[in-house]
Student: 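Pasting in a structure now, in structure tokens, and then I'll have a few things to ask.
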Protein chains: 2
Amino acid sequence: MEHQPKKKATIYDLSVLSGSSPSTVSAVLNGTWRKRRIKESTAELIRDLADRHQYTANLQARGLRSSRSGLVGLLLPVHDNRYFSSMAQSFEAHVRSRGQCPIVVSACRDPEEERRTVETLISYSVDELIVAGATDPDGVHAVCIGSGLKHVNIDLPGSKAPSVISDNYQGARMLTEAIIRHFSDDLKLGPDELYLFGGRDDHASRERIRGFRAIKRELMQGDSDKCIEPTGYSPNMAQIAFERFYEREGKLPRGLFINSSINFEGLLRFMAQHPNEAFLDIVVGCYDYDPFGSFLPFPVIMIRQDIEGMITKAFEIMAENRPSVQTYLIQPELVPPRTALKGPLDAIKDIA
Amino acid sequence: MEHQPKKKATIYDLSVLSGSSPSTVSAVLNGTWRKRRIKESTAELIRDLADRHQYTANLQARGLRSSRSGLVGLLLPVHDNRYFSSMAQSFEAHVRSRGQCPIVVSACRDPEEERRTVETLISYSVDELIVAGATDPDGVHAVCIGSGLKHVNIDLPGSKAPSVISDNYQGARMLTEAIIRHFSDDLKLGPDELYLFGGRDDHASRERIRGFRAIKRELMQGDSDKCIEPTGYSPNMAQIAFERFYEREGKLPRGLFINSSINFEGLLRFMAQHPNEAFLDIVVGCYDYDPFGSFLPFPVIMIRQDIEGMITKAFEIMAENRPSVQTYLIQPELVPPRTALKGPLDAIKDIA
DNA sequence: CATTTTTGCACAATCGATGGTGCAATGAAT
DNA sequence: ATTCATTGCACCATCGATTGTGCAAAAATG
């Protein structure tokens, strides 16, 4: 790496070069110059100098003075699954289109880490924040309020800030019904053959369980507590749950409602230990969409949450000056087996 | 949202409260106080005040003064696939463990956007940058050098900065060989039945193609140009390529080398249009690992790149003071069909 | 030509933290 | 009792931009 760290030009450098004052240069370069009645020709001169010297504003200085930063944050639980990575992708596009700079961070579902991370973002004066799938949204809220940071919860609601979430109850109803109806009449599923795996004690899981049970009672006239196995959001715990079930019963339930694609990965781990024959007659419904998951060797019905819709709504809310603390439900979509949906990447031109 | 934007406490506030000077407060709170011979008791007092008032440093101010920020950047092409989202996940863990703040941004494979984004990061005085899969690494390099920003390429190499990439040639050889050997003797694959789809004119694609062809010649005594179909990194283009092939030949090649999981999604889209029977006898090798992809209804052999290894190496290089401009190869791993590997998420404790 | 208005810009304070320098008070040494 | 070293901290310039204010020169008005 050959170095040539010619320090970056500042407004003071341009001020000297142009013969104008720093404030004039500043005004010209940040667009407020008309308001300050700077002559067109002066502006032109300065702009010219600026890009001849590759001037770019020091955003820390600007941020310090104006206590805004042009940064918009997205706090994720984790990066590594298609739901949240799609969210990051949509988020970035939105923020970019508003001329701001997106920054995405994850906090591993750790309430402590969530708060620390947001503290850090605040120290950089991020202008707005979307809090996605936080384990402790109200804790994050407390931190935000302390510094007047605008924020909206998404995916998991909080009780103190506006929230945009998908309609988990409806979604779970659709998904459960689709699983049941996927079985033909002669192989009809019994209430004890339809299980829900995954999730924990959060709002989304509770709603999904509620929807699941409601439909079971409506369509199957039966539902028992033992058909629910929360495993947390970890592939490993889910795998263990599947293994235990299999050991106990000698087979998996024919109907499986899986709470998230992360838990679905637990089923994959289970699959790796067992021959495909063990999955011949099962039907899986997964609350989350993953394109590869949709084409597995058994029917996989998925719910795709309307990420784009949620993000859009979240930004709308943040644009209001005194948003009301309420939870907005966004309708998700049922995805039949073997479906390859387009995603945020399709918006990107690829120069083959 | 009830507001209570009690503006954040500054060292000046604490200075008044403690009766010490701002510089003393600053020194105490940033850890340089022993060097400045501050009395233990003074320090204690100030620390006490600081957390009673929930002081947190204004990092923009600190960054402005010290022209460093504590930020470490990762520039990705896109978020939305398991390869890059795993990378983001590993990256975050690394940066966090060093007490810095990770920020992940994507630039959509657009050279212009890549440079602009890095400009922005520089304006925030990011301390270091990992440039992953950049379309124009040398363009990014030019921007970085202008401000002395330490950076390392990863995934795709540049010619002006150190690069860490996976050994695409070896990986492609392993993968191609695995595909060929997956066919039994009586159903042996012919050279004209093994195609490579996807990729574009970048270093990784070229190396993979080179490895692919080398093995074809060694093992099959044959290889022709028509067996290579670069489609860019887009699901859509790949789908179109598969459709065209299918129309022309009435079937897909029995052996498919797919350049990336993104292109693999193109095959999914194709699959959605055709019955499973069209895939009965195919074997897919995909250069990239996706847990769900590994369990599709036909054999899928995958290459998992050693993301953790690449990130680790990249940080090692950035720690050197005058790293040499060379390309380090990291060995990837062959993943047999129906394999569920652990990923960065498994490092995260889940409070079920 | 005298006065008012408008134009065009410079000045200087400010945002919050950092770090070099200088100086008084205290203790040690002679 | 002096002198010297050490301790403990305050002072102030600085990083690069923003923004309210003030004031000369030019233009418009009577």
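Chain identifiers are assigned alphabetically (A, B, ...) following the order of the sequence lines, protein sequences preceding nucleic acid strands; residue numbering begins at 1 within each chain. In this text the structure is predicted, and so the values were computed from the model without any measurement.
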Student: Quick one: does Gln60(A)'s side chain have a donor or acceptor within less than 3.5 Å of a partner on Tyr124(B)'s backbone?
Tutor: yes
Student: Does Arg98(A), at its CZ atom, have more than 12 non-hydrogen atoms belonging to other residues, nucleotides or ligands within less than 6.0 Å?
Tutor: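 Count over threshold, so yes.
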Student: Ring centroid separation for Phe315(A) and His94(A), is it under 6.0 angstrom?
Tutor: yes
Student: What is the separation between atom CG on Leu59(A) and atom C1' on dC15(C), rounded to the nearest whole Å?
Tutor: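 After rounding, the gap between these two atoms is 15 Å.
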Student: Measure from CD1 on Ile38(B) to C1' on dG19(C) and round the result to the nearest Å.
Tutor: 12 Å
Student: Could you state the CD-P distance from Gln60(B) to dT18(D), rounded to the nearest angstrom?
Tutor: 12 Å
Student: Taking the nucleotide of DNA chain D with the closest heavy atom to each, which residue, Ser26(A) or Ala43(B), is nearer the 5' end?
Tutor: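 Nearer the 5' end of the strand: Ala43(B).
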Student: Nearest heavy atom decides the nucleotide; on that basis, is Ala61(B) or Ser21(B) closer to the 5' end of DNA chain D?
Tutor: Ser21(B)
Student: Between dA26(D) atom C1' and Lys39(A) atom NZ, what is the distance in whole Å?
Tutor: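 Lys39(A) atom NZ is separated from dA26(D) atom C1' by 11 Å.
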Student: From CD1 of Ile11(B) over to C1' of dG19(C), roughly how many Å is that when rounded to an integer?
Tutor: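 Answer to the nearest Å: 12 Å.
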Student: Just to confirm, is there a sub-4.0 Å distance from OP1 or OP2 of dA10(C) to any side-chain nitrogen or oxygen of Thr24(A)?
Tutor: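 Answer is yes, contact under 4.0 Å.
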Student: Respond yes when some side-chain nitrogen or oxygen of Arg62(B) is under 4.0 Å from OP1 or OP2 of dG16(C), and no when none is.
Tutor: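 No, no such contact exists.
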Student: Would you mind telling me which of dC9(C), dC15(D), dC9(D) lies closest to the side-chain atoms of Arg65(B)?
Tutor: dC15(D)
Student: Compare side-chain N and O positions of Thr42(B) against OP1 and OP2 of dC9(D) and report whether any pair is under 4.0 Å apart.
Tutor: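 So the side chain of Thr42(B) is within the cut-off, an N or O lying under 4.0 Å from OP1 or OP2 of dC9(D).
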Student: Which nucleotide sits closest to the side chain of Ser23(B): dA10(D), dC9(C), dC15(C)?
Tutor: dA10(D)
Student: Taking atom types as they are modelled, would you say the side chain of Arg36(B) forms a donor-acceptor pair with the base of dG19(C) within the 3.5 Å cutoff?
Tutor: yes
Student: Can you tell me if Tyr12(B) touches the phosphate of dT18(C), counting only side-chain N or O atoms and a distance under 4.0 Å to OP1 or OP2?
Tutor: no
Student: Using side chain to side chain contact (heavy atoms under 4.5 Å, CB included) as the criterion, point out the one residue from Glu128(B), Arg96(B), Glu92(B) that pairs with Val72(B).
Tutor: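 With Val72(B) as partner, side chain to side chain contact (heavy atoms under 4.5 Å, CB included) holds for just one option, Glu128(B).
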Student: Give me the one residue out of Ile130(B), Ile330(B), Thr327(B) that meets side chain to side chain contact (heavy atoms under 4.5 Å, CB included) with Val164(B).
Tutor: Ile330(B)
Student: Taking all atoms of both residues into account, what is the closest heavy-atom pair of Ser86(B) and Asp80(A), and its distance?
Tutor: OG-OD2, 3.0 Å
Student: Please state how far atom CH2 in Trp33(B) lies from atom P in dG19(C), giving the value in whole angstrom units.
Tutor: 17 Å
Student: Tell me: NZ of Lys35(B) to P of dG19(C), nearest whole Å?
Tutor: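 Taking atom P of dG19(C) as the reference, NZ of Lys35(B) is at 7 Å.
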Student: Between Arg37(A) and Leu29(B), just flag the one whose closest nucleotide in DNA chain C comes earlier from the 5' side.
Tutor: Arg37(A)
Student: Can you tell me the distance, in whole Å, between the CG atom of Leu64(B) and the P atom of dG19(C)?
Tutor: 13 Å
Student: Remember a base hit wins even if backbone is also touched, and classify Thr32(A) as base, sugar-phosphate or nothing at under 4.0 Å, heavy atoms.
Tutor: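 The answer is nothing, as Thr32(A) stays clear of every strand by at least 4.0 Å.
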Student: Assign Ala57(B) to base, sugar-phosphate, or nothing according to its heavy-atom contacts below 4.0 angstrom with the strands shown.
Tutor: sugar-phosphate
Student: OP1, OP2 of dT18(D) versus side-chain N and O of Asn30(A): anything below 4.0 Å?
Tutor: yes
